[in-house]
Amino acid sequence: MTRYDLALIGFGGVNRALAELIAERGDTLEAELGFGLRVVAITDLRAGSLVCTDGGAIDLAPLLAVAPGELDFSGLAGGSPDPRNEWVIREAPADIVAEATFTNPADGEPALSHVRWAIEAGKHVCTTNKGPVALHGRALQELARRHGVCFEFEGTVMSGTPVLRTARRMFGGLAVHGFEGVMNGTSNYVLGRVESGLSFADAVAEAQALGYAEADPTADIEGHDVQLKVMILANEVLGADLRRADVPCTGLSALTADDVRRAAAEGLRWKLVGSAARRPDGTVEARVAPVALPAEHPLAGVCGPVNAVAFHTDLLGAVTVAGPGAGRVETAYALLSDVLAVHERTANLAGAELLQEAGRG
Ligand SMILES: NC(=O)C1=CN([C@@H]2O[C@H](COP(=O)(O)OP(=O)(O)OC[C@H]3O[C@@H](n4cnc5c(N)ncnc54)[C@H](O)[C@@H]3O)[C@@H](O)[C@H]2O)C=CC1
Ligand SMILES: N[C@@H](CC=O)C(=O)O
């Protein structure tokens with residue numbers, strides 16, 4: 001039975017939820033998916049790092065019993081107070097690196113280095129971190145190709161909702177002219193709670209407690225998170241090569257709670273909308289802005305942390321993909337779906353090599 005050993009870089013809401021999935025459902029997953037999963041290394045800014053170098057795996061249950069802020073690897077066998085990210089990523093006996101540290105919208109670091117180090121070490125990468133993918137996605141995909149490893153990032157847009165794979169795998173033969181969507185769970189949750197009477201600040205605090213928000217929720221509220229997601233989706237699905245400067249971005253801070261509630265009373269719903277469209281010359285324009293949508297608009301009914309993207313196509317018109325846009329467990333599932341994609345690709349490659357050898361037989 002195939003088994004994948006994981007190195008978890010960043011042990012916050014998402015990677016901790018992945019560890020819980022492995023600890024609680026590992027046997028079921030193995031039976032369902034055809035591969036086993038173990039964690040052999042974990043790093044975190046606060047807890048330090050923990051690595052199994054004896055061929056075994058980390059016993060997750062005791063770690064998961066400790067409150068996140070109190071975890072300390074320094075006193076454990078194979079532990080250190082230092083994250084030791086480069087050494088862990090390059091030397092830990094892992095097949096796959098799951099990168100889930102803070103997204104840095106400015107330059108994607110240090111996650112960009114984490115991804116590069118992993119690929120250079122011949123390890124597959126699964127990440128929910130939008131920085132490296134939005135800012136250097138094409139280069140990283142080429143680096144992964146050259147090193148014969150997979151670089152998967154389904155969770156960077158709409159959490160566990162498979163919007164990237166759906167667009168990549170299910171739109172064959174369609175011309176996609178553009179898309180528009182609600183692509184941030186935190187801001188959408190906040191707008192709904194403000195409509196219900198909360199202040200923006202209290203609604204943001206609720207989103208943080210629920211594990212939706214970025215480390216700095218300004219990225220959610222001011223649209224920078226959506227900007228990165230628009231770049232990823234446009235570059236992946238429309239074949240664009242957008243940079244942040246190409247995507248004008250306006251957030252919610254221009255809106256007051258009264259604006260939001262008055263609009264709702266008039267049958268309009270404020271939404272933070274990310275959009276991209278192909279121009280007649282083939283280039284792509286994109287933007288992020290709050291829009292007061294009429295109740296009948298398909299995106300007006302997208303509520304709470306749910307997100308949705310409507311793709312505009314030639315043969316089908318609008319095709320909408322909707323589902324959770326944020327959430328610890330939902331995003332941990334995105335990483336699991338990435339591991340499944342690695343399994344399918346490596347199994348197919350192995351099969352192709354076998355067939356090729358047979359042809360040489
Ligand atoms: N929470 C969600 O719903 C979603 C999150 N994401 C992305 O996934 C990533 C992780 O999200 P969460 O787990 O919710 O965030 P989090 O803030 O709960 O956890 C991030 C963890 O990374 C650690 N960390 C930060 N820098 C590090 C470094 N240099 N070395 C080692 N550890 C480091 C922090 O100590 C923290 O424990 C972020 O990039 C986020 O944008 C993507 C989709 C959905
Ligand atoms: N903070 C982000 C997390 C997922 O990308 C959001 O709220 O959508």
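Ligands are counted one by one from 1 in listed order, and the atoms in each one are counted from 1 as well. The figures here come from the full heavy-atom set of this structure, side chains too, leaving out hydrogens, waters and symmetry mates. The shown structure was predicted, so the numbers you read here are calculated from the model rather than taken from an experiment.
The atoms of ligand 1 that sit less than 4.0 Å from any heavy atom of Ala326 are 3 (O). Each of the following atoms of ligand 2 lies closer than 4.0 Å to a heavy atom of Gly185: 6 (C), 7 (O), 8 (O). Close approach to Gly155 involves these atoms of ligand 1, each under 4.0 Å from a residue heavy atom: 42 (C), 43 (C). Using a 4.0 Å cut-off to heavy atoms of Pro110, the atoms of ligand 1 that qualify are 29 (N). Below 4.0 Å from some heavy atom of Phe11 lie the following atoms of ligand 1, by number and element: 37 (O). Atoms of ligand 2 found under 4.0 Å from any heavy atom of Tyr212, numbered from 1 in the order shown, are 1 (N), 2 (C), 3 (C), 6 (C), 7 (O). Of all atoms in ligand 2, numbered sequentially from 1 with element shown, those under 4.0 Å from a heavy atom of Asp220 are 1 (N), 2 (C), 6 (C), 7 (O). For ligand 1, the atoms lying closer than 4.0 Å to a non-hydrogen atom of Thr43 are 31 (C).
For the pair Thr186 and ligand 2, the shortest N or O to N or O distance falls below 3.5 Å. Between Gly327 and ligand 1, an N or O atom pair is found at a separation short of 3.5 Å. For the pair Arg46 and ligand 1, the shortest N or O to N or O distance falls below 3.5 Å. In terms of polar-atom proximity, defined here as any N/O pair under 3.5 Å, Ala213 makes no such contact with ligand 2. At least one N/O-N/O distance between Lys130 and ligand 2 falls below 3.5 Å. Taking distance alone, with nitrogen or oxygen atoms compared against 3.5 Å, Leu45 approaches ligand 1 more closely than that limit. Considering both main-chain and side-chain atoms, Glu214 comes within under 3.5 Å of ligand 2 through a nitrogen or oxygen pair. Considering backbone and side-chain atoms alike, Val14 places an N or O below 3.5 Å from some N or O of ligand 1.
Using modelled atom types and a 3.5 Å distance limit, the side chains of Thr256 and Asp258 yield no donor-acceptor pair.
The shortest heavy-atom distance from Asn129 to ligand 1 is under 4.0 Å. Ligand 2 lies within reach of Lys229, whose nearest heavy atom is under 4.0 Å from it.
Heavy atoms only, all atoms of each residue included: Asn129 and Phe102 are closest at ND2-O, 3.0 Å. When all heavy atoms of Glu99 and Ala111 are compared, the pair lying nearest together is OE2-CB, 3.4 Å.
Residue Glu214 touches ligand 1 through its side chain alone, judged by heavy-atom distances below 4.0 Å. Contact annotation: for Ala207 versus ligand 2, there are no heavy atoms closer than 4.0 Å. Contact annotation for Asp225 and ligand 2: only side-chain heavy atoms (C-beta onward) come within less than 4.0 Å of the ligand. Contacts between Arg16 and ligand 1 below 4.0 angstrom, taking non-hydrogen atoms only, are absent altogether. In Thr331, the part holding a heavy atom less than 4.0 Å from any atom of ligand 1 is the side chain.
Remark: Arg90 engages Glu120 in a salt bridge, criterion side-chain N to carboxylate O under 4.0 Å.
Distances from atom 4 (C) of ligand 2 to the heavy atoms of Ser159, Gly325, Ala334 put Gly325 nearest. The option with the heavy atom closest to atom 30 (N) of ligand 1, from among Thr101, Asn85, Thr128, is Asn85. Taking only non-hydrogen atoms, the option from Gly13, Ala219, Gly211, Ala215 nearest to atom 1 (N) of ligand 1 is Gly211. Between atom 10 (C) of ligand 1 and the options Ala100, Ser49, Gly12, Ala47, the minimum heavy-atom separation is to Ala100.
Remark: side-chain polar atoms of Glu180 are not paired, donor with acceptor, to backbone N or O of Val273 under 3.5 angstrom. Of the possible donor and acceptor atoms, one in the side chain of Ser196 sits under 3.5 Å from a partner among the backbone N and O of Gly192. Under a 3.5 Å cut-off, the side chain of Lys130 and the backbone N or O of Thr156 do not form any donor-acceptor pair.
The shortest distance between side-chain heavy atoms of Cys126 and Val339 falls below 4.5 Å. Residues Thr161 and Val321 have side chains in contact (heavy-atom distance under 4.5 Å, counting atoms from C-beta outward).
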message: What verdict does the ring-ring contact (aromatic ring centres under 6.0 Å, His included) test give for Tyr4 and His343, after you've listed the backbone C-alpha separation in whole Å, the side-chain angles of each residue and the deciding distance to 0.1 Å?
response: CA-CA 9 Å; Tyr4 298 102; His343 179 66; 5.7 Å; yes

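Using a 30° and 60° split on the angle between ring planes, Phe73 and Phe11 fall in the tilted class, from 30° to 60°.
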